[in-house]
Structure formats: structure tokens, C-alpha cells
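All remarks here apply to the structure that follows.
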Amino acid sequence: MAKNIIISAVKGTREFYPEAMALRNYLHQKVRQASEAFGYQEWDAPYIESLELYAAKSGEELVKKQSFTFEDRGGSQVTLRPELTPSLARMVAKKQRQLAYPVRWWSFGPFWRYERPQKGRSREFFQWNIDMLGPDSPEADAELIAVAAKFMRGVGLAPNLARIYVNNRRLMDAKFDELFISEDMRLAVSNLVDRRSKMKAEAWAKYALEMGLSQTQLDGLIVILENKELWKESEDLVRLFTALEALGVSDYVEFDPNIVRGLLYYTGTVFEAFDLSGGVRRAILGGGRYNNLLADVGGDPLSAVGFAMGDVVVGIVLDENDLLPNFSDSPAPVMMTLFDDNLQIESLKLAAEVREAGINVTMYPKVKNLGKQFKFADKIGAKIALVLGPDEVENAQVAIKSLTSGTQVLVTRAQVPEEIQKMLASD
RNA sequence: GUGGCUGUAGCUCAGCUGGCAGAGCACCUGUCUGUGGAACAGGAUGUCGCGGGUUCGAGCCCCGUCAGCCACCCCA
């Protein structure tokens, strides 16, 4: 028993026990596969940035209230990165004339936000970011959505389980203009739209009127938000859906005028993926087109489209849909038992031989009755146990026991690796 | 940052209007010293999140604090 006081982990941080670490690596691998399938290159930025970097465009909430900011020993205000896009903008701006366009980059790494932790949200999280810089076309937007769909398919999230909802900011702005919703009201109205799914219809309507919309404007807004055919009025969206069809992912994508996204910097296409089973109300991933960011950080104007996905929500969604592989198994499918002290050296040698053949082997550390050793092997998720006892030695054999079927075979030492492979394959 | 719920054995939790801290699972030992997942018998386990207060007496009541969860806010 731990009589000493365990100093607790910093609130909202993540402790990756092996199983959680395996999930993290699994996500990283699936993210890599989806990204590389479309030719994107992996990159990364500093984990600590100066606070100023985020002041330009990240939104006041994120910078002032949700960043881990502190003063370093030299007196500078630094922050643990809360998002990647500003770093991307800077790094691209610095080499803007040297890069080959389109730039296709992806990244998977840690981020920090000083928020109140709850389900699906921690203060430390891993995020997949993927962006294309250069082209400004619906087809480029479609490619990013196709990457997202590729990932979803890759982890087993079929279209009946999760969906990507798409909208276009310019379309919405045009519609807002038709309702005579003024420029300075747009952000508030966007927020209003964003909240619609979370509130009851009456409360939402009341809220809308309170913030200054007229009844006519509200009625018009509802008509817009209910109109699933509205995309046909946008040439960009028509081209987008045509491209998505060609890319073979249209079963994942739906138009939804309610998707607007909170971030300021989106200028065109916006999209968010949601779990349809509804266990988590949070978006699995979200992104869109942001054509002004580079100019905003001091580079030459450059179009961009991209999205981000946090590891926490997708982990929950995959878990709830029973889509996660078993991460608890030992990396070694084989455990070498230890029969008695006299056979210690010979057992080590046998284990080494099997490893030499390319099979991972873990070793039981001390002599104990075989029942206990099998029980341990089973518990760590090994599939096979090797037994080298006096009888086996006498006959120059090794007993190979399958822990899944319980069957056991006796083979010569030279045959051991081959027999193990056979047993693992039939499993 | 605002409001609410929770914190008891390794895990899940029970514990009445304050009166000796419990169950199930897991674990350990044995039946079974060359064969695990079953059964049976036995066994160990707690600063009752932490600090203070009220009381003869606090797991229970009060205050503070930390952590987790939920709804806001915001967003991955």
C-alpha cells in the first residue's frame, strides 16, 4: 500500500498507460495512412510559442482565457500551443517563395488549452492537423473532406455511424444579406446558428429576438436553415459535391446550413464530422477554407484549406462503437516459461533463438509451477507458451502450447519458430 | 470563468435520523510440486480525497480545498 502521498498529475493532463499509448499510436498510424494516401507530408511546429503569434487571429477567447501562458526566465510571454494553424502560417510565410505548391502537410501532436475538463475534453490533447495551401478551388476543399472520409473508413466508422456536414460561409453571407442582416451582426448570428442544435426551438427563437433580429429576419433565417437544397444556389458547393462524388466519398457527406463554425478565419467551405449514434455531441473533426490567414501574419496572400481532429472525442466514439482493436495484448505473442533453476540458461537460449527468427518472446522471470506461469501468460495476452522441462531436454524437444486453444505439440528445437508461426496463423 | 452532482478496499459500489467500515469482482494460499481460463475452502486489504470546524462521538453535519463528472462558455 502506498503510504506516501502520491502527487497528483496536473489537472486535465493525460497519463498514457500502455493501453492508452497503444490507442494514441493507433490513431497516429491511421492518420498517417489517410494523409499519405493523398500525398501529404508529415511536419511539426514548436510546442511553445510566443503569445503574440495567437493574438492576430485566434480569437480573444482562445488567447486570453484558454491558453497555458506563462513568463519564461527571460521575461517573455510564452504559451503552450493551443492550435497549430498560426504556426503553420508562419512557417509557410518564412519559406513562401521556396515551397512547391500546393503545399500538402499533416501533423499529429500535443496541444494545450486551459479549459474546464469534462468528457471529450481535456487540457492536454493530441490533434491531427492537415492542410493544403495554394489552390483555391472546391476541388481542393473536396480533397480534404475525402482525406477525412478516408480516415473514418480506415478506423471502421462507416457512413451509417458518422457523417461529414458541409456548408459554405459565402453562401450564408449572401443569404444573410438577403435578410438585411448587417455586417456587424454576422458573427453573433453565426454563433446563434451554431447553438441551434443545442437549444429548444422556442428558447432559441426567443434568444434570437433578444439579440436584435426582427421576426421577419428570424423567420427568414429558419427557412434558410431548414432548406437542405440550398447548396444548389452555390456554384462552389455544386462543384464540391461533384468532386466528392468522383472521389468516392459522397456517402459520407451531407449539406447542412446549420454548420458555420465559431472560428473567425474561415472564408468559404466549412465542415464538421459527427458521430450519428449521438453518444458524444461534440464534433469529431472540423475545418474549412481560410484564405486570409497568411496575409494576416505578414506573408503574401495564400489560399488554404484544412481541418483538425482531436484524439479524445474520436477515441470515445470508436470505443462506443466497439471499433477499437485489443490494445492490451503483450507485444510478444510468445512467453517462455521457466521450469527449474537448472534450465534457466537453456531457457534463455531458446528464447534468444526464437527472437532470432523474428518472433517476439517474453520471459517468465522465476521458477514457479506451470499453472501459474500459464495464467500469467494468458493475463498479459500472450498467445503461446513454450515449455522446456527435463523430459523435453532429454528428447531434444520443446513443448509449444497454444493458450487460446489449449492444444500442445512437441517439436524439435529447429522446428520451434516454424511451429509458432503456424500456430499464430491459425489463431 | 458560471452553476450543479460525486469522491469509501486494486475495480464497481452499499453504508438508515451521527454510535465498532461492508459486499461483489479482482488478488493471494490450498485442494493440484509438468499444464492456465472452472469449482470448493481459507486469507490479506482502507489516513472513508485532503485540511479545518461542530459533537461525548463524524464516512455521514458545516466551512474550505483538490480531483472527476454534467450543463453553460468555448471548441478538437
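Note that this is a predicted model, so its numbers are computed, not measured. Chain naming here is simple, since letters A, B, ... match the order of the sequence lines and numbering starts at 1 in each.
For A:Arg116 and B:C70, the CZ to P distance is 12 Å, given to the nearest whole Å. B:A26 atom P lies 18 Å from atom CZ of A:Phe376, rounded to whole Å. For the pair A:Met335 CE and B:U35 C1', the interatomic distance rounds to 11 Å; values are reported in whole Å. Spacing between atom CZ of A:Arg14 and atom P of B:A67 amounts to 17 Å, rounded to whole angstrom units. We find that CZ of A:Arg123 is positioned 15 Å from C1' of B:C75, with the value rounded to whole Å. Summarising the geometry, the separation between CG on A:Asn369 and C1' on B:C28 is reported as 13 Å, rounded to the nearest angstrom. At whole-Å resolution of the value, CD1 in A:Ile316 and C1' in B:C69 are 12 Å apart. Note: CZ (A:Phe271) to C1' (B:C75) measures 16 Å, nearest angstrom.
A cation-pi contact, defined as under 6.0 Å to the ring centre and within 45° of the axis, links A:Arg123 to A:Tyr114. At least one test fails for A:Arg169 against the ring of A:Tyr266: distance under 6.0 Å to the centre or angle within 45° of the axis.
Aromatic ring centroids of A:Tyr165 and A:Phe271 lie 6.0 Å or more apart. When ring centroids are compared, A:Phe125 and A:Trp112 stay outside the 6.0 Å threshold.
Taking atom C1' on both B:C60 and B:G3, the two are 25 Å apart, rounded to the nearest angstrom. B:G24 and B:G15: their C1' atoms are spaced 15 Å apart (whole Å). For the C1' atoms, the distance linking B:C62 with B:A23 amounts to 31 Å, nearest Å. The gap from the P atom of B:C63 to that of B:U45 amounts to 36 Å, rounded to the nearest Å. Distance check on atom P: B:C70 versus B:C56 gives 43 Å, rounded to whole Å. Spacing of P atoms, B:C61 relative to B:U6, comes out at 10 Å, to the nearest Å. The separation of B:C69 from B:G30, taken at their P atoms, amounts to 41 Å, rounded to a whole angstrom. Of the C1' atoms belonging to B:G59 and B:G7, the separation is 11 Å, rounded to the nearest Å.
A donor N or O paired with an acceptor N or O is not found under 3.5 Å between the base of B:G34 and the side-chain atoms of A:Gln373. Judged by distance alone, with hydrogens and angles left aside, A:Arg121 brings no side-chain donor or acceptor close enough to the base of B:A76 to form a pair under 3.5 Å. A donor-acceptor contact under 3.5 Å is formed by the side chain of A:Gln408 with the base of B:U35. Applying the 3.5 Å distance criterion, the base of B:A76 shares a donor-acceptor pair with the side chain of A:Glu115.
In this structure, A:Arg24 does not pair ionically with A:Glu124, as no charged nitrogen and carboxylate oxygen lie closer than 4.0 Å.
At a threshold of 4.0 angstrom between heavy atoms, the contacts of A:Gly12 are confined to the sugar-phosphate backbone, with no base atom among them. Heavy atoms of A:Glu392 sit under 4.0 angstrom from at least one base atom. Among the heavy atoms of the strands lying under 4.0 Å from A:Ser122 is at least one base atom, whether or not backbone atoms are also near. Using a 4.0 Å heavy-atom distance criterion, A:Phe307 is classed as making no nucleic acid contact. Base engagement by A:Asp391 is indicated by at least one non-hydrogen atom pair under 4.0 Å involving a base atom. Within 4.0 Å of A:Val314, counting heavy atoms only, lies no atom of the nucleic acid at all.
Relative ring orientation between A:Phe16 and A:Phe126 is described as perpendicular, the plane-to-plane angle rising above 60° on a 0-90° scale split at 30° and 60°. Ring geometry, A:Trp43 versus A:Trp105: the interplanar angle falls from 30° to 60°, so the pair is classed tilted.
Checking A:Val312 against A:Val387, the closest nucleotide of RNA chain B that is more toward the 5' end is the one next to A:Val387. Of the two residues contacting RNA chain B, namely A:Gln127 and A:Pro390, the nearest-nucleotide position lying further toward the 5' end is that of A:Pro390.
A:Asp256 is listed as a side-chain neighbour of A:Lys228, based on a closest heavy-atom distance under 4.5 Å. Taking 4.5 Å as the limit, some side-chain heavy atom of A:Thr337 sits within range of a side-chain heavy atom of A:Phe374.
Nucleotide B:C40 is matched to B:G30 when pairs are restricted to Watson-Crick or G-U wobble geometry with both distances under 3.5 angstrom. Nucleotide B:C5 forms a Watson-Crick or G-U wobble pair with B:G68, both donor-acceptor distances falling under 3.5 Å. Using Watson-Crick or G-U wobble geometry with both donor-acceptor distances under 3.5 Å, B:G24 finds its partner in B:C11. For B:U17, there is no paired base (Watson-Crick or G-U wobble, both distances below 3.5 Å).
Within a 6.0 Å sphere centred on CD of A:Glu356, heavy atoms belonging to other residues, nucleotides or ligands number 12 at most.
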### Message
One character per nucleotide, please: for nucleotides 36-44 of chain B, 5' to 3', B when the base has a protein heavy atom closer than 4.0 Å, S when only the sugar-phosphate does, - otherwise.
### Response
BB-------

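Regarding contacts with the backbone of B:C75, every side-chain N or O of A:Gln66 stays at 4.0 angstrom or more from both OP1 and OP2.
Stacking annotation: A:Phe111 is not stacked on the base of B:A76 (requires ring centroids less than 5.5 angstrom apart and an interplanar angle below 30 degrees).
Comparing B:A76, B:C27, B:G68 against the side chain of A:Pro117 picks out B:G68 as the nearest. Among the nucleotides B:C73, B:A76, B:G68, the one closest to the side chain of A:Lys11 is B:G68.
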